[in-house]
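The figures that follow rest on heavy atoms only: side chains count, while hydrogens, waters and symmetry mates do not. The shown structure was predicted, so the numbers you read here are calculated from the model rather than taken from an experiment. In this chain, residues are counted from 1 in sequence order.
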Amino acid sequence: MLTSILEIIGTIAFSVSGAVVGIKKKMDILGVVTMGIITAVGGGIIRDILLGTTPPTSLKNPLYAFIAIAVSLLV
């Protein structure tokens, strides 16, 4: 339970970070959302691939990608 809450908080934080970079680079809404998603779940996908976990966790459970999309749109 605590782990899931911390993962969601981390996803939100990294999504905000990626969306802010997209806004500073004057990207359109698709670019901002893409930056938010890549920043939020990209590291976990790379980690899972390097560890041999296929498919990556964020692709098996798209909750984190949906959270990243929602947060990026709000930013």
Looking at residues at least two apart in the chain, or sitting in another chain, which of them share a side-chain contact (heavy atoms from CB on, under 4.5 Å) with Asp28?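 Applying side-chain contact (heavy atoms from CB on, under 4.5 Å) to Asp28 gives Leu30.
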
With rounding to the nearest 0.5 angstrom, report the [atom1] to [atom2] distance, [X] to [Y].
X     : Y     : atom1 : atom2 : result
Leu63 : Thr57 : CG    : OG1   : 12.5 Å
Ile23 : Ser72 : CD1   : OG    : 8.5 Å
Phe66 : Thr11 : CZ    : OG1   : 13.5 Å
Leu74 : Ile69 : CG    : CD1   : 12.0 Å

Could you tell me whether the side chain of [Y] reaches within less than 4.5 Å of the side chain of [X], counting heavy atoms only?
X     : Y     : answer
Val71 : Val16 : yes
Thr54 : Ile49 : no
Leu73 : Ile29 : yes
Ile67 : Ile12 : yes

Original post:
Does Tyr64 OH have over 12 foreign heavy atoms under 6.0 Å away?
Top reply: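 Yes, OH of Tyr64 has more than 12 neighbouring heavy atoms, counting only those of other groups under 6.0 Å.
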
Ile38 and Ile45: same hydrophobic cluster, using ILVMFWY side-chain contacts below 4.5 Å?
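Per the 4.5 Å side-chain linkage, Ile38 and Ile45 are not co-clustered.
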
Path from Val41 to Phe14 over hydrophobic side-chain contacts below 4.5 Å: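 In one cluster: no.
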
Can you name the side-chain hydrogen bond (donor to acceptor under 3.5 Å, both in side chains) partners of Thr53, sequence neighbours left out?
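None.
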
**Qualifying residue, where the test is side-chain contact (heavy atoms from CB on, under 4.5 Å) with Ile5 and the options are Thr3, Ile8, Ile9** =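 Only one option passes, and that is Ile9.
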
### Message
With a 3.5 Å distance limit and no angle check, can you tell me whether Ser17 reaches the backbone of Ala13 through a side-chain donor-acceptor pair?
### Response
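Such a contact is absent between Ser17 side chain and Ala13 backbone.
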
Between Val75 and Val32, does a side chain to side chain contact (heavy atoms under 4.5 Å, CB included) hold up when you go through it step by step? CA-CA 9 Å; Val75 170; Val32 171; 5.7 Å; no

* To do: Mind listing the closest non-hydrogen atom pair of Ala68 and Ala40 along with its distance?
  =>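 Answer, listing the atom of Ala68 first, then Ala40: CB-CB, 3.8 Å.
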
